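Shown next, in structure tokens, is the structure this report addresses.
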Amino acid sequence: MGFKKPQSNFELTMSIRPVYLDNHATTPVDERVLAAMLPYFREIFGNPASNSHVYGWEAEAAVKQTREVLAAAINASPEEIVFTSGATEANNLAIKGVAEAYFQKGQHIITVATEHKAVLDPCQYLKTLGFEITILPVQKDGLINLTELEQVIRPETILVSVMAANNEIGVLQPIAEIGEICRHRQILFHTDAAQAIGKIPLDVQALKIDLMSLTAHKIYGAKGIGALYVRRRNLRVQLAPQQHGGGHERGMRSGTLYTPQIVGFGKAVEIALAEQVTENQRLLELRQKLWGQISTLPGIHLNGHPTQRLAGNLNISVEGVDGAALSLGLQPVVAVSSGSACTSTNTAPSHVLTALGNSEQLAYASVRFGIGRFNTPEEMDIVAKQAIATIESLRKQATLV
Ligand SMILES: *Cc1c(COP(=O)(O)O)cnc(C)c1O
């Protein structure tokens, strides 16, 4: 088995591509993860549910191995891991699954304005079925107010869903405190940990988490695989399945398991945990290198809490430039996401930035830099230089007209 060498013009195209700083959107598969996955496409290809021959057994053994890795990573047990196609599906299963299983107990759900659409939209959908949804605001730094959370809890509240780490501004919500409040009031606590797994410690016992959504492709695993942690001990979460079929995953999620992606997910989590402390330190240094240079300009604002955030996240708002023009100026050099307030197009600012409630800042252009495993200090210098040059040039043009 061998691979054809890529065409040289292909390699050239690759080499002149912009610096990738959109690691909150997705990440490339780590080559160690890919190496672990490859045998499971052709050699060990069996269906993990086939229990009458060796092809099935070896695939099942690989799935079991990942289940154990994931469970150990979050201090759960392997039977509490339900594989899904990603965090979107895990969020849907958690929220709709709990709503359907507990509607006789109550029909009120609490979530937060800065959640991912994969949490907000299922809640919106439940509203059309008659559930009541409370959407908590956040403070200027992106964190929820715990007193406010306690105040909106009602006797009929069945679920609180608050993300662990935000995908736009990187802020880390006070998960332990939220878990404590929910456990005390006997309400289920779900957290979307798509951006948090492998990056911050997540112990479902210590944090009193009942359901937790995970995904592989934000931590150098493949796209299309994720998991939902569903508590079975010390309180057994009831969940109505949202996809029916062969009864896989203890009936909670039917469908043939995607063995190669699952094997890669396990490897990705193993690597992220082994390197967590050193990698966070390295990412923090890269972020400080970038911010240290860009923040020398006047009129640059950091979005989200300054320290209680993911090491690789830098989200800024820039005064006095057009969002679309800034995005265009950065494009050749750096791949980033803009949560822009655009004046020349009618792009609305992101719901996350809007929720921070800084109305003045909403008129500014904004950029999310998501720094990841394969970024280097040299790249931070290149990106900072381009950002500064673009901002200065746009501001100069603005004063000329
Ligand atoms: C990426 C992301 C999701 C969606 O995950 P998929 O695996 O792509 O479906 C959900 N929530 C958050 C916070 C994310 O960052």
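In listed order, ligands and their atoms are each counted from 1. Keep in mind that what you see is a predicted model, and the values were worked out from it rather than measured.
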> Purely on distance, is any nitrogen or oxygen of S85 under 3.5 Å from one on ligand 1?
Replying inline: no

> Atoms of ligand 1 less than 4.0 Å from G86 heavy atoms?
Replying inline: 7 (O)

> Salt-bridged, R233 to E79, with N to O below 4.0 Å?
Replying inline: yes

> Hey, is E392 close enough to R395 for a salt bridge, meaning N to O under 4.0 Å?
Replying inline: no

> Between A87 and ligand 1, is there a nitrogen or oxygen pair with a distance under 3.5 Å?
Replying inline: yes

>> Between K208 and E180 (salt bridge meaning N to carboxylate O under 4.0 Å), is one present in this structure?
In response: yes

> Does ligand 1 have a heavy atom under 4.0 Å from the side chain of K218, from its backbone, from both, or from neither?
Replying inline: side chain

>> Given Q173, which partner from the list N166, T191, I144 fulfils the side chain to side chain contact (heavy atoms under 4.5 Å, CB included) test?
In response: I144

> Would a line drawn from the ring center of Y55 to the ring center of F45 be shorter than 6.0 Å?
Replying inline: yes

> If you measure from atom 12 (C) of ligand 1 to every heavy atom of E115, Q195, H24, H116, which option wins on shortest distance?
Replying inline: H116

>> Using a 4.0 Å cut-off to any heavy atom of M163, which atoms of ligand 1 qualify?
In response: 13 (C)

>> Quick check: N91 and ligand 1, any N/O pair under 3.5 Å apart?
In response: no

> Between H217 and ligand 1, which residue portion shows a heavy-atom distance shorter than 4.0 Å: side chain, backbone, both, or neither?
Replying inline: side chain

> Given the side-chain rings of F131 and H108, with only the six-membered ring counted for Trp, is the space between their centroids under 6.0 Å?
Replying inline: no

>> Geometry only, no angles: is T215 polar-contacting ligand 1 at N/O separations under 3.5 Å?
In response: yes

> With backbone taken as N, CA, C and O and side chain as the heavy atoms from C-beta onward, which portion of T88 lies under 4.0 Å from ligand 1: side chain, backbone, both, or neither?
Replying inline: both

> Among N166, D192, I225, which residue places a heavy atom closest to atom 11 (N) of ligand 1?
Replying inline: D192

> Do Y258 and F83 have ring centroids that are under 6.0 Å from one another?
Replying inline: no

> Do any pairs count as a side chain to side chain donor-acceptor pair (under 3.5 Å) and have a residue in residues 89-98, sequence neighbours left out, and if so which ones?
Replying inline: S85-E89, E89-R253, N91-H190, N91-D192, N91-S213, N92-K96

